[in-house]
Each structure stands twice: as C-alpha cells, then as structure tokens.
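Written below as structure tokens is the structure these notes are about.
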Amino acid sequence: MYQTFIGLEIHIHLITNSKVFCSCRNEFGAEPNTNICPVCMGYPGVLPSLNAEAVRKSYQVCMALDCTLNETAIFERKNYFYPDMPKNYQISQFAFPFGINGFFDIDLGGGTVKRIRIHDVHLEEDAGKMIHSGGVSFLDYNRAGTPLLEIVTEPDLASGEEAEIFLQQFRQMVRYLGVTDGNMEEGSMRCDANVSINEQGKGLGIKTEVKNLNSSRFVNKALEYEIKRHTKVISAGGTIIQETRLWDEDRNVTRSMRTKESSNDYRYFPEPDLPPYLPDKDFLQEVRESLVELPLARKGRFMSEYALSESSAAFVTGEKEIADFFEKMVQHGVAPQTAARWLSGDVQKQLNLSGESLKASALTPERLSRLLVMVEDGKISRDAAKKVLAAIFTENEEPEKLVKDLGLEQVSNKEDLEKVVSEIVNAHEKVAEAIRNGADKQIGFLMGQVMKATAGKANPKIAQQLIKNNIFKQG
Amino acid sequence: MHIFEKRWSTALSADKKEYTQFVMRQDETVESFLQFDPERGIALQHTNGSLAGIPFGVKDNLAVDSYQLTCGSKILSGFTSPYTATAVQKLIDNGAVVVGKTNLDQFGMGSSTDTSAFKKTNNPWDTERVAGGSSGGSAAAVAAGLVPFALGTDTGGSVRQPASFCGIYGLKPTYGVVSRYGLTAYASSLDVVGVLSKTVDQSRIVFNLMKGQDERDNTSIMHPGSSNGGAVKRIGVLTAQKGVLHPDVEKSYAEAVGRLQQNGYTTREIDIETMKYVVPVYYTIATAEASANLARYTGIRYGYAAQDAKSSSDLMEESRNEGFGDEIKLRILLGTYVLRSGFQDQYYHRAQKIRTAIRNEFSRLFNEVDVILMPVFPTPPFKHGDSELTPFQQKVADKYTCAANLTGFPAISIPSSVENGLPVGVQLIAPPFEEERLFAVARVCEKDFPSPDSPLYKTSWS
Amino acid sequence: MDVMDLKITAELAKLALTEEETAKLSEEVARMLEYFSSMSEVDVTHLEPTNYVLQKENRTRIDSEKNESDIPDKILGNAPRREDRFIVIPNVL
Ligand SMILES: [Mg+2]
Ligand SMILES: [Zn+2]
C-alpha cells in the first residue's frame, strides 16, 4: 500500500480598487484592453508602485493562517517569457515572502480536524488572458497586473477528497475575510496541485504537478486520476517522470505538458524597483484587530453556545453573511433553532427563487426576527409567516404592514372566537356528542370548520381550547 | 548674472525659424538628434517658470509624450511614448521646452553612441571622433551649441564620459534623488537621470528642478539637502596608476589637481583598493538587471515585430534577434548567464556583496575627505570604429565612472583642459546627497577654466 | 562558456541566434566571464549584498483607481497587430 502526498498552490485574486502596481481598475469582465496603462503593459520606462490595500489583504490571509511574518519582505523578479505577461518577468516574492510556516485546520466531519501546514503566502501580479482561435491568439491585458495572492501548502493532504475539502473550506475562509470572492469559474481562485506516492514511511516520492483545475471537484478527480496512474506505474516497477500535466476535463484524464527542462530556470533576483517591505507594528496590530472569527471556530462556538446540531451549525456558518444574520436574529430574541431552521429552509428557498444574495435582498435580520416573534406570539400562523416572507422579498415592506395588507392577522380575541365556536358546535351537535363520548379525533373536524369560518385566521391553540370548553361545558 | 543667455529664452518665441534652421543645419554635421521637432515640445503644456522658453534636448531613452522613444534601437523604431517621464515633466512644468530626442548607444549600452541603430553622432571637436556615450547625442548637442542643456542618463558613466569627451559639464546625481519614472531601464539599481550643460549653474538649476520623491518611483528618495552647506576643504585625489591613462589625460589630470591646490583646497593622494573590482561587479549587476529589463521587447505590444513568424515563440525570438544590436545581445546573454541557477552565487550574489565592500571603502574615505577627484575616462575622444578602442577595451575603461553608480553617490564631470585639440575632463565624487559640494568645487574650477567652445559652437543663429 | 551553454542561455533569453552569432557571442561572453573571475578573490563572508542603494524601505500607494481615458487606445494603437480591441499574435499552442 502506498502513501499519498498532495500539496496545493492556490492563487486568489484580491479585491481592490486598483491593480497591484498601477492605478488601473481591478475588475472582472470589462471590455478587452480597457483597463491598461503603460505600467501594466510593460512600457519602456515604467516602474511599479505598490498598492497598500493589496498588502493589507495579504497580511490578513497570513494572519488567518497563523503564518510567521517576515520582518523584511522582498519582491523578486521571476523571469520567463509568455505573451500574456507584459514584462516577461513576474513581480513575485520568493526567498522572503510576507508569511511563512502557517497552518490551516480542515474539518473532515464527525469531529475530525486535520492540520495542513502552509509553506508560505506571497503576493504577486497576475498575467493577462489569451483566447486561442484558429491560427492566432487574442490577447486581453485587463487582468495583467491585478493582485494575486499565492498560498502554498506543504504536501500534507492524503487524497483527492481531502484536497477538495481543503479547497472548499479555504475558499469559505478567504471569503469570510472578504479578501476575495473566490469564484473559481471566473478564475478569481485558481489551484495547481502536486502529488506523489511512495511506500509507507519512505517520505515523498517523485511528484507531478497538475494544472488547469478550475473547480474543487476537478482537483479531486484529477488527483485521484494521478494517484491511480502513479500507483500503476510504480507497481509495474517503473518510475514517475517529474513533469507538469494538464487536466483534460472532457476526457477525465491528465496529459503531459511536455515543457523543456531549461525553461524552468526562473532566475529569481530581488526586484530593484521595489525596496523591501517592512511591515510596521502599528499596521500589523491594526490588521490583527480587524480579523474576523473564522468559519471553523465559529461553527464550534455555534454548536456549544446555541446548541445547534453540527449540520445546522455548518450551514449557518457556511457564509459569513448568513452567520452574522443568524446572530443578529438571536439578539432580537429569536430562538437559535428557529433562526437556523428558517435561514436554511424558507429563506434559502426565497433566495434561490429571486437569485439574490442575502445581503442584496430586502430581508434584514430585524424584519425576519419581528416576523418570527409574531409567530411565536400567536399573532400569525406559520403558513402566514411564509407568505409574508415571500412578500418581503418582492415588496420590500415591513412585516407588520404586510401582515395587515394581506389580512393574515390571527383572530386571538376570545369573545369573537367563542361566538364562532359556539355556532359551529351547535351546528354539529352529533359530532360534539361523539367527542364527549371519547372520540377526541373529531375535534379536528370542528377545528377545520372554525378555520373555514374565519378564513384561516383563528389562532389554532386558542380555538382548540375554546372548542373543548364549549363541548364539555354543555355536557 | 543670467544662468541662460538671452538667446536661449527667445529662441522659440515669435520667429523660431532662425533657431530651428540653425539647429538643422548644424546637426547635419553633428548628427546629435534622432528627432528634432520643437513644435511637439511647444504643444506640451508648459508654463512660465524659471526655465520659461528654454529649449532642451532629451536623450531618446527618456519618455516624452507624443515624441518617439527608440532608445537608439531598431526594436523600438517607430514607437511613440504615450506619457512623459517625471523628470522631464518637472522641467516642462517650469517652462522649459523639449525640442527633440538625442542619439545614444542602444539602450544606453556603450561609450561611443556608435551602437545606435540609426546614426553615428560626431564629436563637435573632431567629427572623425565619437562624442562618447551613451548620452553622446545630448553631449554633442550641447557642445555644438544646439541647446544650452540636455538630459542624459548615467548607468555606468553615460553622462560623465560624453561630457568629458565634448568639453562640457555632466552631472550624475545621487541614485534615487531624481525619479526614474520614464527612464527606459537598462540597469535599474544603477540608472539615474543626469544633466549635460555648458555651465555649472545650468546643471545645478536643472537638477534642483528635477529632484524630489515621486509616487511613481518607489526607489525615489527625498533630498535632505547638504549636511554641511556644500562646504569643501579636503579633496582626495585618486593616485593615477602609471601607464593606465593616455598621456593627454594624465597631463590634464595633473593640471586639474594643480588648479584645485591653487584655489586653496587641501589635496591628499588616496588609493582605492576595491577599484579593481568595479568593472567586473558593474558588468555583472548591470547585465543581470538588463537581461530582465529588456525581456519586454518581443514585438507583441509595441515596437518592431518580425514578419511572418509561425508561432508566438518565433515572433518573440525573431523580433528580438532582428531588433537588438550585437552589443545588446551580448549583454543580455551575459546577464542571463550570471543569473542562471548554479551560477548566481558565483556571479550575481557575489557582485552585490563586493558592491557593499566598494561602498564601504568610499564611505570610509569620505570620513577623511569632502570630495574625491578621479579621471573620467583613460583616453581622449577616440575615433569611430574599433581602430583605437575595441568594445572590450571600452568596457574596461568604464572603471572610473562605474564606482559612483555602484555606490549610488553623486558625481560630476568637469572640463579640465584641451589637449591636441580635444577636450578632457575630470570627475568629482561626493557622499550621497552632497551635490552642492560638487557644484561648489566645479564653480571654482569654472572660473579658471570654463567649458571650452568647440569649433562648431556658435552664439548666434545666423 | 561553450556553445551548448550559450544555446541554453540564448533560449532562456529568447534570442534566436544564427550559428555564426552563436560562435562569436560565446567567445565574447567567455571573455567577459573570465574577466569577472577576479571577483572570486574577494572574501565576501561578512558582506551583505547591496540590492538596494539608498531607499531601503518601500512605500505604498493608496488604493485608488484612475484611468486616463485616451491611454488604452493609444496603447492599442502601438500594437503591431490587432483586431478590434484585442492584440493578436500567432497561436501560442
Ligand atoms: Mg505564483
Ligand atoms: Zn495599469
């Protein structure tokens, strides 16, 4: 049996207004070659000027991953030619990146947490985009020079599935931090994986690197494919060729990229245009204080503090905005279980219908809390609450107004209800008699009649009590 | 005392035809400009500052909006810059007018301006000879009286050596004091924008207008001013090794030392042990940085593109091979090699460490002397072609100028004498930010020996 | 440096050299490298590299975008070959 070693190199696009070394807009989906300037196009004479926000977000990630921060961080030039890279060197960090030696705990479920070591976190610039068509390639440099943070793990992952879980939870974490939108389809989160296998206890084997993985599912599939391929080769007495391979998602295989060995000499050297970055204490303190509670910790706290089940807590803490929403509801007096149930059930349904995000929708924690307190107080029925919830999304109105407008207020007034109940009981004397003789289930029939008569607005608890009182009093 | 003679501030007013015709006529002999087009400069918004209306030339590796930017290389032929270098913009903001782009050795790599892909610039003292390099066009234009000053760039002596060859002043400021934004990079940690002018005060005023920290250049640094008001008493004189200097240069050097002593300076002979490593260290670092800086020229986004390339890789390789001159290729290969894995420690890293030793030695010397005097170049202006000085010999001869680039210290080349009809200069080096000391000594020498007028120099346009 | 070494170096530098150039340049590069060898005499054990001259610490720029309207078009205008707003090159694959 072989042991598997998987390491990931994850690139995330940082959310900033401008690119990392120039003032061009950092946005996805603009018209080709509109967000370009002499700097990001590598024009003669230009120089890079470092974006403060890209630095700040980089440090947030370093801290979230418990990295040791280098006192002096150094930018270096990574030299290689590629048409989408304007200067034909990438400004990156190599020997002294912002952060080194961190870790990230992944939750494998059932209380199992695995610690994955982080080798380093470094800031670099992205390249442009190419579209290949017929005999030519089309170049769009809007993305060239946008800030990219690279997170490199140690080879601590043992399977494709673990890699997939790592990516999902890592994505959740960086979205929590608000440093990236983590959209793998749009390329704002990308992943390369390296994998090797070896006999138990013998350490790392010869690795291959897999690129072109644009979903966490593909990472899993590509790695499982590679593990099988390595196993086959090694079992047959062969050796693995150290190389870069591409995942072919149509054929579900990896293919060799066949690059020449000599082109892998990147000739790193310190970027003379950017002096070393020395983070000062106040800055680091301020970044540290701005850090939010991370998903894994928050999930644990929700389980103990609010007595949520693991699955319920996992859902609620899946996105920071949901978790924040949840805690606001609890503050507004909604029972934690109720809040969690509504958020994972009807609210999610409505969001799927409208296609909105929670944040962009008309639903606020205050509105939903007040609505659920009305249910709790018996002012409206649960079904009515669902109708109001839907109406909040479409009408953007306060729940109290919608309850009134839709005429959903329950009749809880005892005198009014008593009148209806006594009419119904009188009209169905035979049923009342049967109930007196022990046919409890028939109460349901009378309840139905009461509801019919009140157009569903009767408070069921009170109505039931009144029916019983009426029947047994007469007896 | 006017810093610029009146004819300069009126050259481009109402009837500028006389001036422009004068320049075009003279430049048929000198060939200093790659592009002479004052109208473009007038169109750039300039104001009424202290340089109002003064024409100046800009070395063609400095970006000026709407002007060409060729760096003297075929790979950038036909290329127009969409922006202006910070240093140039500051002069425009003070009223000066760019009249054209001057010739240079391709990408600033050379000591003759003969490696330019477009033309050979002639020394106004003797057109058979080079004007020096790489800012040879700027030096020749000033020495021929076409502009009162011109901007150059100095990576290993490229302002000081042509200034010396043409009998004018050439200032290389402290590294980082003038923004490099818009200076086409040759060797980023050595490059500075410098000034070539007919008088010391012209260089001084231009320098003072150009200096300052720039948001676009993260290596730029605020000039704190001189630590001692520019006072100079003690001058360290580098002992000239016998036989190293051409007799004319040796004679001129001795004359300069005598002039300093007559003016009351205390001179002291000094020896600089690390001098012998200056050239290897310089070429290791400069070519390494150049190999990366010149990687951007591939015929894809701008500049020369090879025709009918079959793949993108071919397009890059062929454009570079057809677009770069031999000297560029040599330096790119050398720089790539010294950075290759397995060779970095032996060359690049070692050179950066020896650079520290050189810097340390200069700093120690400046505890004892206020400025250091040394030759600029071991020979007078040499003839075009390889007959007098091969490219390799030219590199070795960069010995005296490179030190100031490796240390980042300011230096100035000043005319010291005319020998056999050719001008010779000497060089002063000061500690960082002590440009005022250089100007002070240069001014004293200027009183006794001002910039000699070349045979082509005229003071009227007719 | 031998010719093979020069070829590897030229490939890294994306220079397509002719045989003639290769021979000539390998000689010139070799001469310079030999000249560099004097650096090996120096004891560098206690020397830090001077990667940065005077400005030893970086500054940062405030994260604000400013797009100059006509610059992207000027830049596109400089491209040797383009189609619509794309810069075009022979196929990379
Ligand atoms: Mg990377
Ligand atoms: Zn830009």
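Residue numbers begin at 1 in each chain, while the letters A, B, ... track the order of the sequences.
Residue A:Ser133 touches chain C through its backbone alone, counting heavy-atom pairs closer than 4.5 Å. In this structure, chain A has no heavy atom under 4.5 Å from any part of C:Arg82. Interface remark: C:Lys56 contributes backbone atoms only to the contact with chain A (heavy atom separation under 4.5 Å). Within the 4.5 angstrom heavy-atom criterion, no atom of C:Ala79 approaches chain A. The part of A:Phe81 that comes within reach of chain C is its side chain, from C-beta onward, which places non-hydrogen atoms under 4.5 angstrom from that chain. In this structure, chain C has heavy atoms under 4.5 Å from both the backbone and the side chain of A:Asn35. Interface remark: A:Arg267 contributes side-chain atoms only to the contact with chain C (heavy atom separation under 4.5 Å). Contact of A:Tyr141 with chain C is made through the side chain alone, with heavy-atom distances under 4.5 Å.
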(message) For C:Ile75 and A:Tyr43: C-alpha separation, side-chain torsions, deciding distance, then whether side-chain contact (heavy atoms from CB on, under 4.5 Å) applies.
(response) CA-CA 9 Å; C:Ile75 287 174; A:Tyr43 262 45; 3.7 Å; yes
(message) Using the rule given for side-chain hydrogen bond (donor to acceptor under 3.5 Å, both in side chains), can you reason through A:Thr16 versus C:Asp63, listing the C-alpha separation, both sets of side-chain angles and the distance that settles it, and then say yes or no?
(response) CA-CA 7 Å; A:Thr16 54; C:Asp63 178 30; 4.5 Å; no
(message) Test side-chain contact (heavy atoms from CB on, under 4.5 Å) on C:Arg61 and A:Ser23; report intermediate values, then the result.
(response) CA-CA 9 Å; C:Arg61 165 179 62 83; A:Ser23 303; 3.7 Å; yes
(message) The test is side-chain contact (heavy atoms from CB on, under 4.5 Å); show your working for C:Val88 and A:Leu139 and say whether it passes.
(response) CA-CA 6 Å; C:Val88 179; A:Leu139 287 157; over 6 Å; no
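Annotation: maximal heavy-atom pairing with chain A below 4.5 Å, among C:Leu76, C:Asp73, C:Ile87, occurs at C:Ile87. By number of non-hydrogen pairs under 4.5 angstrom with chain A, the leading residue of C:Pro72, C:Ser64, C:Ser69 is C:Pro72.
No more than 12 heavy atoms of other residues, nucleotides or ligands sit less than 6.0 Å from atom CZ of A:Phe96.
A:Glu124 meets the salt bridge (charged side-chain N to carboxylate O under 4.0 Å, His left out) test with no other residue; sequence neighbours excluded. Here C:Glu65 pairs with A:Arg25 under the salt bridge (charged side-chain N to carboxylate O under 4.0 Å, His left out) rule; sequence neighbours left out.
Contact annotation: the side chain of C:Phe86 never approaches that of A:Val136 to less than 4.5 Å [non-hydrogen atoms, C-beta and beyond]. The closest side-chain heavy-atom distance from C:Glu57 to A:Pro275 is not below 4.5 Å. Contact annotation: the side chain of A:Asp265 approaches that of C:Leu12 to within less than 4.5 Å [non-hydrogen atoms, C-beta and beyond].
Looking only at distances, no side-chain donor or acceptor of C:Asn51 sits under 3.5 Å from a matching main-chain atom of A:Pro270.
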